[in-house]
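Have a look at the structure below before the remarks.
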Amino acid sequence: MQTGFAMLCAGSIRAKNVKNVILWNLLDSAGGGLAFWAVGFAFAYGGDDDGPKTFIGNTNFFLSDPDTNLAFWFFQFAFACALSSIVAGTIAERTKMAAYLMYSVFLAGFVYPVVAHA
């Protein structure tokens, strides 16, 4: 999915900015992946099984549970990172790279997990 979004974004901007958009899509996977690994998966699928339903999960941060299904984690990671790539083409040439990285981390680490938890 990331490669497809990168090509879509590259086709919608000027040639001089294509390298930046390709790097942005790499940052989606790297920064968003770290955020989803550290807190996102725990927010979406961690905890609240033994007690009342909470707003977000509260266990399994940093994939600390050894029984975690890693194939399921990778599947959810791919969608969390794709979520932030969807708008990369619309904000290309309009934002700074640091702001985009923060946006990717926020979406993959908090927004997607909260919606997936619901």
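Keep in mind that this is a model prediction, so the values were computed, not measured.
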Quiz: residues 36-44 side-chain donor-acceptor pairs under 3.5 angstrom, not counting sequence neighbours:
none

Result block: side-chain N/O donor-acceptor pairs under 3.5 angstrom for residues 106-113, not counting sequence neighbours:
unit_1 : atom_1 : unit_2 : atom_2 : d
Tyr112 : OH     : Gln76  : OE1    : 2.4

Kindly list each side-chain donor-acceptor pair under 3.5 angstrom involving residues 15-27, sequence neighbours excluded, with atom names and distances?
unit_1 : atom_1 : unit_2 : atom_2 : d
Asn17  : ND2    : Glu93  : OE2    : 2.6
Asn25  : OD1    : Ser85  : OG     : 3.4
Asn25  : ND2    : Val21  : O      : 2.9

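When all heavy atoms of Ala78 and Met1 are compared, the closest pair comes out as O-CE, 3.7 Å. When all heavy atoms are compared, the tightest approach of Gly32 to Cys81 is C-SG, 3.9 Å.
Separating the CZ atom in Phe5 from the OG1 atom in Thr3 is a distance of 11.0 Å, to the nearest 0.5 Å. If you take CE on Met97 and OH on Tyr100, they are separated by 10.0 Å, rounding to the nearest 0.5 Å. Separation of atoms OH (Tyr45) and CG (Leu63) is listed at 12.5 Å; rounding is to 0.5 Å.
In the displayed structure, Phe75 atom CZ is contacted under 6.0 Å by at most 12 heavy atoms of other residues, nucleotides or ligands.
For Phe77, the ring-ring contact (aromatic ring centres under 6.0 Å, His included) test picks out Trp73, Phe74, with sequence neighbours left out. Thr68 pairs by the side chain to side chain donor-acceptor pair (under 3.5 Å) definition with Asn60, not counting sequence neighbours. Here Met102 pairs with nothing under the side-chain contact (heavy atoms from CB on, under 4.5 Å) rule; sequence neighbours left out.
Hydrophobic cluster membership is shared by Met7 and Ile13, with clusters built from Ile, Leu, Val, Met, Phe, Trp and Tyr side chains linked at under 4.5 angstrom.
Counting heavy atoms from C-beta on, the side chains of Tyr103 and Thr95 never come closer than 4.5 Å.
Listed by first and then second residue, the salt bridge (charged side-chain N to carboxylate O under 4.0 Å, His left out) pairs that reach into residues 58-74 come to none, sequence neighbours excluded. Among residue pairs with one or both ends in residues 28-39, none qualify as salt bridge (charged side-chain N to carboxylate O under 4.0 Å, His left out); sequence neighbours excluded.
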